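Side chains included, hydrogens not; waters and symmetry mates left out as well; all remaining heavy atoms used. The shown structure was predicted, so the numbers you read here are calculated from the model rather than taken from an experiment. When a ligand or atom number is given, it counts from 1 through the structure's own listing order.
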Amino acid sequence: MVKHWKRLGLVTGLSLTLVAAGCGADEEGEDAGGEDDNGDAEETEEDEDDEDDDEDDDTSGEASGNYGEDVEYSITGIDGGSGVVQSTEDAIEDYDLDWDVQTSSDAAMIQELDNAYQDEEPIFLTGWTPHWKFQEYDLKILDDPENSYGDAESIHSIAREGLADDHPDAYQIIDNFQWDEADMEEVMLEIQDDVDEVEAAQNWIDGNEDMVSEWTDGVDEDAGEGESISLSLVAWDTEIASTNVLAQVLESVGYDVEQNQVEANYVFASVADGDADASTAVWLPHTHADYHEDYQEDYEDLGPNLEEGAQLGLTVPAYMDIESIEDLQEE
Ligand code: PBE
């Protein structure tokens with residue numbers, strides 16, 4: 001795709017007229033009314049199948065990607081300790097951009113997205129999937145030829161040393177906990193729809209008893225006997241969903257579960273130091289590579305709880321006329 005983009009950039013002059021006549025009008029029409037929507041969707045798919053040049057010309061066209069000034073050369077980010085913000089800083093360097101990342105929180109970033117989206121204004125986000133924002137808003141992840149955001153990755157669970165001996169049943173459940181993107185998204189979406197986190201987790205559990213019974217296979221109903229288990233997480237929506245589900249399952253067999261919402265580095269430090277028992281929040285091999293390298297000697301990596309379904313990326317509303325990070329411009 002990207003190679004094509006470079007090559008096809010040379011023929012831009014030739015086909016730009018066609019694009020301006022076709023796509024440009026389509027894109028404006030897209031938001032104006034439902035009538036055009038169907039036609040657009042079909043055309044876009046055909047275009048992609050048949051030839052890449054329409055789309056590619058879009059990105060290399062004069063107006064494409066020219067959003068720097070509108071957004072004050074700023075990317076709307078989440079917490080500074082997150083891997084996605086760190087990857088965005090890498091991207092700024094890799095693509096030689098004079099942009100910066102504003103840090104805030106997952107919730108605050110979504111609020112900014114919502115504001116921009118209402119007015120169809122440009123906005124650049126530190127995005128990742130799975131995340132309900134892709135269901136609620138029409139968004140796209142920009143191409144990343146330099147791979148600053150890494151490839152698809154997995155989300156791992158980690159446990160403190162000694163957990164298997166101290167709380168073998170809890171350890172088994174945490175070790176067995178595994179689901180996929182659709183499961184995680186279901187819980188996230190419900191929470192987003194104002195269902196309480198605990199209730200959303202319980203609803204998912206009720207609808208997935210077979211899967212849950214595999215995690216608790218052979219564990220007695222009252223195995224926990226009121227013992228405490230602490231789980232560390234950052235208040236990212238993905239981890240709020242996974243931690244609540246795991247917590248509910250542990251509680252269902254008698255454990256008393258405490259959730260510690262902390263900053264990213266403390267997720268790793270707390271499990272490494274034994275201050276927390278476990279976490280489901282470790283994105284590997286890319287997002288949390290640095291934290292993992294620093295602390296992995298002191299905790300146990302239990303492997304993926306979500307396999308290869310996760311991806312970071314610079315994310316924009318679909319109405320923006322830009323496809324690749326390469327097209328971010330200074331002026
Ligand atoms: N996230 C969600 C985290 C990992 C989980 C993508 C925001 C991060 O970037 O560190």
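- Taking any N or O of I78, backbone or side chain, none lies under 3.5 Å from an N or O belonging to ligand 1.
- At distances below 3.5 Å, at least one donor-acceptor pair connects side-chain atoms of D144 with backbone N or O atoms of Y149.
- One finds a salt bridge joining D166 and R160 here, because a Lys/Arg side-chain nitrogen approaches an Asp/Glu carboxylate oxygen to under 4.0 Å.
- Listed by number with element, the atoms of ligand 1 under 4.0 Å from a non-hydrogen atom of T287 are 8 (C), 9 (O), 10 (O).
- A pairwise comparison of heavy atoms in S232 and V267 identifies CB-CA, 4.1 Å as the closest pair.
- Atom numbering of ligand 1 starts at 1 in the shown order; those under 4.0 Å from a heavy atom of T238 are 2 (C), 5 (C).
- If you check which protein heavy atom lies closest to atom 8 (C) of ligand 1, you get G83 N, 3.3 Å.
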### Task
Might you work through the side chain to side chain contact (heavy atoms under 4.5 Å, CB included) test for I174 and L302, ending with a clear yes or no?
CA-CA 8 Å; I174 297 166; L302 300 177; 3.7 Å; yes
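- Heavy-atom proximity to atom 3 (C) of ligand 1, evaluated over Y149, W128, W236, is greatest for W236.
- Ligand 1 has no N or O atom lying under 3.5 Å from any N or O atom of V85, backbone or side chain.
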### Task
Test Y299 against H156 for ring pair (Phe, Tyr, Trp, His ring centres under 6.0 Å), laying out the working first.
CA-CA 12 Å; Y299 56 60; H156 292 225; over 10 Å; no
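- At the shortest separation from atom 9 (O) of ligand 1 among protein heavy atoms lies V84 N, 2.8 Å.
- Between the side chain of T315 and the main chain of I141, no donor-acceptor pair closer than 3.5 Å is present.
- Residue H288 has at least one heavy-atom neighbour below 4.0 Å for each of these atoms of ligand 1: 4 (C), 8 (C), 10 (O).
- Ring centroids of W236 and H288 are separated by less than 6.0 Å, placing the two rings close together.
- Atoms of ligand 1 found under 4.0 Å from any heavy atom of L312 (numbered from 1 in listed order, with element): 6 (C).
- Counting atoms of ligand 1 from 1 in the listed order, those under 4.0 Å from a heavy atom of E239 are 2 (C), 5 (C).
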